[in-house]
Protein chains: 2
Amino acid sequence: MKYIEKLRNSGLRPTKQRLQICDVLFNTDKTFHFTINELEQKIKKQTNSKISLATVYNTVHAFEKKGYLKQIPINSSETYFDTNVTDHHHFYDLKEEKLIDLENSDVGPINILKKINGKKIKSVEVLVKLEE
Amino acid sequence: MKYIEKLRNSGLRPTKQRLQICDVLFNTDKTFHFTINELEQKIKKQTNSKISLATVYNTVHAFEKKGYLKQIPINSSETYFDTNVTDHHHFYDLKEEKLIDLENSDVGPINILKKINGKKIKSVEVLVKLEE
DNA sequence: CACTTTTTTAGAATCATTATAAACTAGTTA
DNA sequence: TAACTAGTTTATAATGATTCTAAAAAAGTG
């Protein structure tokens, strides 16, 4: 399976559960947004096997730490993740409560003029809220 | 007291609790960021009286709805609010877990080129994460 | 004052997330 | 293969922010 090496190279053992989760998350053309609960449902449907909720949490956090997933900064009762880890931004449709990708090229250059002593910029994320 | 009219005009009865919370939130030169728990502590210290946690939640949400407070989109276990309701952005210091204001003029114009059918842009918020 | 509506309150309930600790698995070495 | 170690999974319990509830208190009105 093609994710075995990827996991090993990250210092993560390629367990059955992790490989299944890789398959659901990354074995697709399109990137997507998800919450932990949505992911759990998707796993159940696609693999016909149940992975413990704790494992889903552990794995998603491990993948995030390794840079294979990104958390989306948004205030919601559940945390949203993104399989698109390139630099990009988001629309948030307040009515539908849905996220839509916003490519860097759709926003134009953002130039942060203020500097904070001794700190480096790690990321710049734009959230555009949409209403009717 | 100077907040009585403000509250009445918003359709909120000027109760003792709301006036005290107004005093803590708005009777100051500087705007600031807070979580509900931080606000509760601040109220206790500044007013020497205890307001029920439920009331603090209710009031903060009521004020947010009226536009007197803004929620800051950030993934944290607690929700952050801002008494600065002008258009502006934030640094988030990942190590210190602290928010720092970033004025519009420090970011430059942001031009969202992509349009979503039938939706209007309500707000554009930039979160700049800082590391060492 | 009498009445209605809104607000406050303590405590319970909810729900996402994290912790626990026992069972299991992968990788390694003999 | 067996034995060993470190890492992983799991069900379940614990945590903690937030919301709900329903009764008491306060505000507004005539």
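Excluded from the calculations below are hydrogen atoms, water molecules and symmetry mates; all remaining heavy atoms, backbone and side chain alike, are included. Below, chains carry the letters A, B, ... as their sequence lines are ordered, and counting in each starts from 1.
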Please list, in 5' to 3' order, the outermost nucleotides of DNA chain D lying under 4.0 Å from any heavy atom of chain A.
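Answer, 5' to 3': D/dA6 to D/dA11.
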
Quick one: list whatever passes side-chain contact (heavy atoms from CB on, under 4.5 Å) with [X], sequence neighbours left out.
X	value
A/Y68	A/K6, A/S10, A/F26, A/F63, A/K66
A/P73	A/E125, B/N75, B/L127
A/T47	A/Q20, A/V24, A/I43, A/S49
A/S52	A/A54, A/T55

Taking the axis from the first five pairs and the axis from the last five, what angle separates them in the helix from C/dC1-D/dG30 to C/dA30-D/dT1, rounded to 10 degrees?
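Nearest ten degrees gives 30° for this helix.
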
Sequence neighbours excluded and cut-off under 3.5 Å, please list the side-chain donor-acceptor pairs for residues 101-115 of chain A, or say none.
| unit_1 | atom_1 | unit_2 | atom_2 | d |
| --- | --- | --- | --- | --- |
| A/D101 | OD1 | A/H33 | NE2 | 2.9 |
| A/D101 | OD1 | A/H88 | NE2 | 3.2 |
| A/D101 | OD1 | A/H90 | NE2 | 3.2 |
| A/D101 | OD2 | A/N84 | ND2 | 3.4 |
| A/N104 | OD1 | A/H89 | NE2 | 2.9 |
| A/N104 | ND2 | A/D87 | O | 3.3 |
| A/K114 | NZ | B/D101 | O | 3.0 |
| A/K115 | NZ | A/I112 | O | 3.0 |

Please round to the nearest 0.5 Å and tell me the distance separating atom NZ of A/K98 and atom CG of A/L130.
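Answer for the NZ-CG pair, A/K98 versus A/L130, is 11.5 Å.
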
Validation row: B/L7, B/C22 side chains within 4.5 angstrom (heavy atoms)
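The answer is yes, as the side chains (C-beta and beyond) meet within the 4.5 Å cut-off.
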
Between [atom2] on [N] and [atom1] on [X], what's the gap in Å once rounded to a whole number?
X	N	atom1	atom2	result
A/E40	C/dC15	CD	P	15 Å
B/I21	C/dT7	CD1	P	13 Å
B/R8	C/dT7	CZ	C1'	15 Å

Grouping I, L, V, M, F, W and Y whenever their side-chain heavy atoms are under 4.5 Å apart, do A/Y92 and B/I116 come out in a common cluster?
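In one cluster with A/Y92: B/I116, no.
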
With sequence neighbours excluded, residues passing ring pair (Phe, Tyr, Trp, His ring centres under 6.0 Å) with A/F81
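With sequence neighbours excluded, A/F81 shows a ring pair (Phe, Tyr, Trp, His ring centres under 6.0 Å) to A/F34, given in chain and number order.
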
Contact nearer the 5' end of DNA chain D, comparing B/N37 with B/K16
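The residue whose closest nucleotide sits nearer the 5' end is B/N37.
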
Just to verify, what does B/D93 make a salt bridge (charged side-chain N to carboxylate O under 4.0 Å, His left out) with, not counting sequence neighbours?
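With sequence neighbours excluded, B/D93 shows a salt bridge (charged side-chain N to carboxylate O under 4.0 Å, His left out) to A/K119, given in chain and number order.
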
A/R13: which residues meet the salt bridge (charged side-chain N to carboxylate O under 4.0 Å, His left out) condition with it, sequence neighbours left out?
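Not a single residue meets the salt bridge (charged side-chain N to carboxylate O under 4.0 Å, His left out) criterion with A/R13.
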
Looking at A/I4 and A/P14, what are the two nearest heavy atoms and their distance?
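The pair with the smallest heavy-atom distance is CG2-CG, 3.9 Å.
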
Kindly state which residues belonging to residues 51-67 of chain B come within less than 4.0 angstrom of DNA chain C, counting heavy atoms of the residue only, listed by number.
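Residues of residues 51-67 of chain B that come under 4.0 Å of DNA chain C are, in numerical order, B/I51, B/S52, B/A54, B/T55, B/N58.
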
Could you tell me whether the phosphate oxygens of C/dT7, OP1 or OP2, come under 4.0 Å of any side-chain nitrogen or oxygen in B/R18?
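The answer is yes; a side-chain N or O of B/R18 sits under 4.0 Å from OP1 or OP2.
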
Just to confirm, is there a sub-4.0 Å distance from OP1 or OP2 of C/dT9 to any side-chain nitrogen or oxygen of B/K50?
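Indeed not, no polar side-chain atom of B/K50 lies that close.
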
For DNA chain C, whose closest nucleotide is more 5', that of A/I36 or that of B/G11?
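So the residue in question is B/G11.
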
Among residues 74-84 of chain B, which residues get a heavy atom nearer than 4.0 Å to DNA chain D?
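Nucleic-acid contacts, sorted: B/S77, B/E78, B/T79.
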
Between the side chains of B/N37 and B/E78, does any donor sit under 3.5 Å from an acceptor?
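B/N37 vs B/E78: donor-acceptor pair found between side chains.
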
